[in-house]
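Below is one structure, written out as structure tokens; comments come after it.
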Amino acid sequence: MFGTVLIANRGEIALRVARTCKEMGIRTVAVYSSADEDSPVVRLADEAVRIGPPPAKRSYLYAPAVLQAALQTGAEAIHPGYGFVSEDADFAEMCRAEGLTFIGSPPEVLTMLGDKAEALRVLSAAGLPVLPGSHRPLSSVGEAVEAAAGIGFPIIVKALSGGGGRGMAIAMRPSELPEAYAQARNAARAVFGDERVYLERYVESARHVEVQVLAGTNGQVLHLGARDCSVQRRRQKLIEETPVPGLPEDVAAGLCARTVEAARAVGYVGAGTFEFLLDDAGEFHCIEVNCRIQVEHPVTELVTGVDLVREQLHVAATGAPGITQDDVRLNGAAIECRINAEDPARGFLPTPGTVDSLVLPGGPFTRVDDHVRPGMRVSPFYDPLLAKVSVWAPDRDQAIARMERALSECAVTGAGISTTTGFLAGLLAHPLFRDGKHTTALAETVEPV
């Protein structure tokens with residue numbers, strides 16, 4: 001196992017990785033921008049290195065600074081968390097060149113699956129159903145119009161290097177395609193530095209289902225069940241749960257088995273998530289693979305008892321997971337809510353500011369992944385996620401009741417700071433969510449509070 005691991009991230013995920021490393025006796029190095037010098041992970045880590053100013057491009061995304069911090073502190077491996085460099089094939093290759101272990105998928109896998117269009121082609125060849133689409137980058141509106149004629153409307157234009165619900169635009173009819181193409185391309189250039197886009201058939205009011213996998217370098221692949229991530233706003237996930245409500249056990253098992261075979265066929269390595277849309281006809285369509293730990297991994301950990309970060313470290317150090325499929329037992333139900341510093345009443349505008357007081361929930365079977373303390377400033381430079389509240393219960397109804405109780409305990413105050421806690425509570429109370437019949441359209445129909 002590694003002696004020292006550098007954590008190339010910030011916020012709750014950096015703190016979460018540091019905690020598992022500490023439990024495993026692994027020395028940790030935190031990197032931070034000048035905006036995060038008082039963050040909890042800086043205090044928890046054995047060593048901390050300032051790598052730049054607040055803008056991510058000059059700190060967390062600036063590979064030379066991250067690599068230099070690893071080399072000067074004697075780190076043997078880098079854990080990228082999610083976001084930032086977690087799916088950057090070039091960064092993974094730089095780690096390899098410097099003799100550092102990148103705790104994630106190897107550069108070859110990141111390159112193959114990071115190109116969304118190429119990924120869909122490869123996954124289709126591996127036996128997974130995919131939506132009709134161009135499955136190649138389109139360099140002009142004319143190409144997009146021509147490709148759309150063979151796909152049919154509605155259509156979604158997606159960034160080739162996209163993720164996190166960004167770099168997408170929808171065209172419900174042919175007349176809307178030129179604007180959607182331009183919008184997605186401009187967003188892709190601004191957010192990802194890659195303006196290439198492709199087309200895919202848009203499925204309205206679908207269920208969003210994903211399968212968590214863990215794979216070694218020797219072809220050993222196992223799954224840890226499926227999650228439902230259908231509660232989204234503008235394709236940003238808000239509430240996640242497992243198991244998938246209303247999905248028969250045999251159907252879920254079949255989907256997981258097919259995903260394992262596809263992951264093995266494409267040579268997947270590490271922890272990752274295969275994402276699907278479930279349409280009204282009950283058909284699954286694979287839409288992408290996230291080659292990293294997911295924000296919503298706590299719900300899987302709660303129902304399986306498996307520490308996914310520990311398993312990531314085990315795969316990176318030994319080439320194989322520390323568990324087998326027979327070790328995975330799915331027990332009960334878990335739900336996660338993401339609490340963001342956003343104002344639902346003002347179009348979910350981020351609300352940075354200094355936290356005056358903070359009360360987060362506790363109680364039985366309640367987990368909180370956070371990184372905020374009284375007196376800390378919620379920075380305008382990064383994602384506004386404050387905390388993830390996750391609960392476990394023997395069944396879904398009890399899990400919903402437990403989450404409602406947990407959200408009622410949350411209180412964050414500070415000049416100008418608002419949170420999404422009340423909005424999340426409204427989603428939990430919605431009859432469609434209660435009945436497990438919600439789709440990706442639910443959040444857009446609930447009045448912000």
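Quick note: residue numbers are just sequence positions, from 1.
Checked by atom type, the side-chain pair T300/R227 shows a donor-acceptor distance below 3.5 Å. Side-chain contact annotation: H297 with Q212, donor-acceptor N/O pair under 3.5 Å absent. Side chains of D326 and T324: no donor on one and acceptor on the other come within 3.5 Å. Side-chain atoms of T273 and R292 form no donor-acceptor pair, as typed in the model, at a separation below 3.5 Å. In summary, the side chains of R396 and Q398 do not present any donor paired with an acceptor at a separation below 3.5 Å, with no hydrogens or angles considered. Looking at R16 and H371, their side chains never bring a donor and an acceptor atom within 3.5 Å of each other. Side chain to side chain, N340 and T420 fail the donor-acceptor criterion of an N or O pair below 3.5 Å. A side-chain donor-acceptor contact under 3.5 Å links D279 and H285.
In terms of heavy atoms, M94 sits closest to A63 at SD-CB, 3.7 Å. In terms of heavy-atom proximity, L44 sits nearest to A18 at CD2-CB, 3.9 Å. Across all their heavy atoms, C291 and E87 have their closest contact at N-OE2, 2.8 Å. Annotation for M376 and S39: closest pair CE-CA, 4.2 Å, computed over non-hydrogen atoms. For the pair V42 and E37, the tightest heavy-atom approach, listed with the atom from each and the gap, is CG1-O, 3.8 Å.
The residue from D370, L407, V368, V412 that alone fulfils the side chain to side chain contact (heavy atoms under 4.5 Å, CB included) condition with I339 is L407. Exactly one of E296, E12, R367 qualifies for a side chain to side chain contact (heavy atoms under 4.5 Å, CB included) with K388. That residue is E12.
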**OP:** Determine, stepwise, if the pair E404 / R434 fulfils salt bridge (Lys or Arg N to Asp or Glu O under 4.0 Å).
**Re:** CA-CA 12 Å; E404 289 181 318; R434 295 277 186 174; 2.4 Å; yes
Subject >> K237 vs E336, salt bridge (Lys or Arg N to Asp or Glu O under 4.0 Å): CA-CA, chis, key distance, verdict >> reply: CA-CA 10 Å; K237 298 169 185 174; E336 175 185 289; over 6 Å; no
Original post:
Yes or no on salt bridge (Lys or Arg N to Asp or Glu O under 4.0 Å) for D36 and R10, after CA distance, side-chain angles and deciding distance?
Top reply: CA-CA 8 Å; D36 287 333; R10 64 175 301 278; 2.7 Å; yes
Original post:
Would Q220 and R264 satisfy side chain to side chain contact (heavy atoms under 4.5 Å, CB included), going step by step from the backbone distance to the final call?
Top reply: CA-CA 8 Å; Q220 179 187 358; R264 185 177 292 113; over 6 Å; no
**OP:** Under the salt bridge (Lys or Arg N to Asp or Glu O under 4.0 Å) rule, what do R19 and E23 come out as? Steps first, then yes or no, please.
**Re:** CA-CA 6 Å; R19 284 169 167 159; E23 291 173 9; over 6 Å; no
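Considering only heavy atoms from C-beta on, I287 stays 4.5 Å or farther from F276 through its side chain. For the pair I51/Y62, no side-chain contact is recorded, criterion being any heavy-atom separation below 4.5 Å from C-beta on. The side-chain heavy atoms of L222 and V213, taken from C-beta on, include no pair separated by under 4.5 Å. Using a 4.5 Å cut-off on side-chain heavy atoms (C-beta onward), L277 and F284 make no contact. The closest side-chain heavy-atom distance from I400 to I335 is below 4.5 Å.
Counting non-hydrogen atoms of other residues, nucleotides and ligands closer than 6.0 Å to CZ of F381 gives a total above 12. When the shell of 6.0 Å around CD of E444 is examined, it contains more than 12 heavy atoms from other residues, nucleotides or ligands.
The distance between the ring centers of Y60 and Y32 does not fall below 6.0 angstrom. Two rings, from F84 and F91, have their centers 6.0 Å or more apart.
Side-chain atoms of E76 come within 3.5 Å of backbone atoms of T4 as a donor-acceptor pair (strictly under, hydrogens ignored).
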